[in-house]
Participant: 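Let me begin by handing over the structure; questions about it come next.
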2 protein chains.
Amino acid sequence: MNELPETLTIGGLAKAAGVNVETIRFYQRKGLMREPDRPPGGIRRYGEAALARVRFIKSAQHLGFSLDEIADLLKLEDGSHCTEAREQAEHKLADVRAKLADLQRIEKVLKELVQRCCAASGEVRCPMIQALQEA
Amino acid sequence: MNELPETLTIGGLAKAAGVNVETIRFYQRKGLMREPDRPPGGIRRYGEAALARVRFIKSAQHLGFSLDEIADLLKLEDGSHCTEAREQAEHKLADVRAKLADLQRIEKVLKELVQRCCAASGEVRCPMIQALQEA
DNA sequence: CTTGACTCCGTACTTAAGTACGGAAGTAAG
DNA sequence: CTTACTTCCGTACTTAAGTACGGAGTCAAG
């Protein structure tokens, strides 16, 4: 089944994923990625799976998950305890919904501030700064 | 005009603002707040203005501004650079909207995963990671 | 007028998420 | 084979936003 080329060096992997080589090594140290075995006296090779993992880490991070949280997500990977996995996923879903609510509130405040700012040109004090002081 | 009691000690200010004393001192070192002159051989007193400033910093932080960005905002305090302040807010608003879109996407994915996980008990692999990688 | 809490001040430690450095060893091109 | 990259590995540095510590000085109560 697993038709894995394992063709990339760490540098190639880093370039493909758009990160620094040191970042890959950092993730390995953190346990977020395995280091493939190295052919004795040779250099490690990485395949699609490793690339997918870096990309996964980066996109989850972009969504505001910390590396520790991402490590939790990745622990679900084996699928051996589906109930546990589902519970973790539900927990993350709650996190995401809380973050969504926060962001929606922030969006509303910022939108109103920008509008008020636009309307108030000419006044002595910037309403944005004033509003933030009351917020 | 400025009827300022200047009654709080740094500890009182910190308590009123809900932050640590060290945080106030840290903001002072960062140039985000002035240190009031101290009556020779005495201790400093803080008034409403200082409290308002700490609150401003904290709420701007909650809106996703970094302390450096907040320092920039505070430089605009006189209101003569309202346009600049508005532009900063607009930029943040764009940031927030991008994050919102991302989070909505992942909320959908996670919700579906939880449902699928419920339905898939017995399967070897948890569909979680793979689906997130495609997200 | 002493005790305990608080202030002042500098320095140093913390966490997260990397980045940079330096030497040794592997590898690819000419 | 030599030269020029890379990899590998450990250690150390960086930034943001604080927190903690320790020794003075100060202030209010008993």
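The chains referred to below are lettered A, B, ... by the order of the sequence lines, with proteins before strands, and numbering in each begins at 1.
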Participant: Which heavy atom in B:Phe65 sits nearest to a heavy atom in B:Glu69, and how many Å separate them?
Facilitator: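 Scanning both residues, the minimum pair turns out to be CA-OE1, 3.2 Å.
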Participant: What heavy-atom pair brings B:Tyr27 and B:Leu67 nearest, and what distance separates the two atoms?
Facilitator: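 Scanning both residues, the minimum pair turns out to be CE2-CD1, 3.9 Å.
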Participant: How many whole angstroms separate atom CG of B:Asn20 from atom P of C:dT7?
Facilitator: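 Rounded to whole Å, this separation is 11 Å.
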Participant: Could you pull out the protein-nucleic contacts involving nucleotides 21-30 of chain D (nitrogen or oxygen on both sides, under 3.5 Å)?
Facilitator:
none

Participant: Using only atom types and a distance under 3.5 Å, with no angle test, would you say the side chain of B:Arg34 pairs donor to acceptor with the backbone of B:Ala50?
Facilitator: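 Side chain of B:Arg34 to backbone of B:Ala50, a donor-acceptor pair under 3.5 Å: no, none is there.
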Participant: B:Leu13, B:Ile43: one ILVMFWY side-chain cluster at the under-4.5 Å cut-off?
Facilitator: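 No, it is not one cluster - the side chains of B:Leu13 and B:Ile43 are not joined through contacts under 4.5 Å.
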Participant: Using a strict 4.0 Å threshold on nitrogen-to-oxygen distance, state whether B:Lys75 and B:Asp72 make a salt bridge.
Facilitator: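 Yes, this pair counts.
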Participant: Check each residue of residues 9-18 of chain B for a non-hydrogen atom within less than 4.0 Å of any atom in DNA chain C, then write out the ones that pass by number, or none.
Facilitator: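 Within residues 9-18 of chain B, the residues near DNA chain C are B:Thr9, B:Ile10, B:Gly11.
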Participant: Which atom names give the shortest non-hydrogen contact between A:Lys58 and A:Val19, and what distance separates them?
Facilitator: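 Taking A:Lys58 first and A:Val19 second, the nearest heavy atoms are CE-CG1, 3.6 Å.
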Participant: Between B:Arg86 and B:Glu90, is there a side-chain N and carboxylate O pair less than 4.0 Å apart?
Facilitator: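 Between B:Glu90 and B:Arg86 there is a salt bridge, with a charged N closer than 4.0 Å to a carboxylate O.
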Participant: C:dT27 phosphate, OP1 or OP2: any side-chain N/O from A:Arg44 under 4.0 angstrom?
Facilitator: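 Checking C:dT27 against A:Arg44, no side-chain N or O comes under 4.0 Å of OP1 or OP2.
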Participant: What protein N or O atoms touch nucleotides 12-17 of chain D N or O atoms at under 3.5 angstrom, if any, and at what distances?
Facilitator:
from: D:dA17; atom 1: OP1; to: B:Leu67; atom 2: N; distance (Å): 3.4
from: D:dA17; atom 1: OP2; to: B:Leu67; atom 2: N; distance (Å): 3.4

Participant: Categorize A:Glu69 for me: base, sugar-phosphate, or nothing, with a 4.0 angstrom heavy-atom threshold over every strand shown.
Facilitator: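 Counting heavy atoms under 4.0 Å across all strands, no contact is made by A:Glu69.
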Participant: Decide yes or no on salt bridge (Lys or Arg N to Asp or Glu O under 4.0 Å) for A:Lys99 and A:Asp102, but give the supporting numbers first.
Facilitator: CA-CA 5 Å; A:Lys99 279 180 184 159; A:Asp102 276 357; over 6 Å; no
Participant: For the residue pair A:Ile24 and A:Ala14, what are the closest heavy atoms and their distance?
Facilitator: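 Heavy-atom minimum between the residues: CG1-CB, 4.1 Å.
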Participant: Donor-acceptor check, side chain of A:Arg44 to backbone of A:Pro36, threshold 3.5 angstrom: yes or no?
Facilitator: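 It does hold such a pair.
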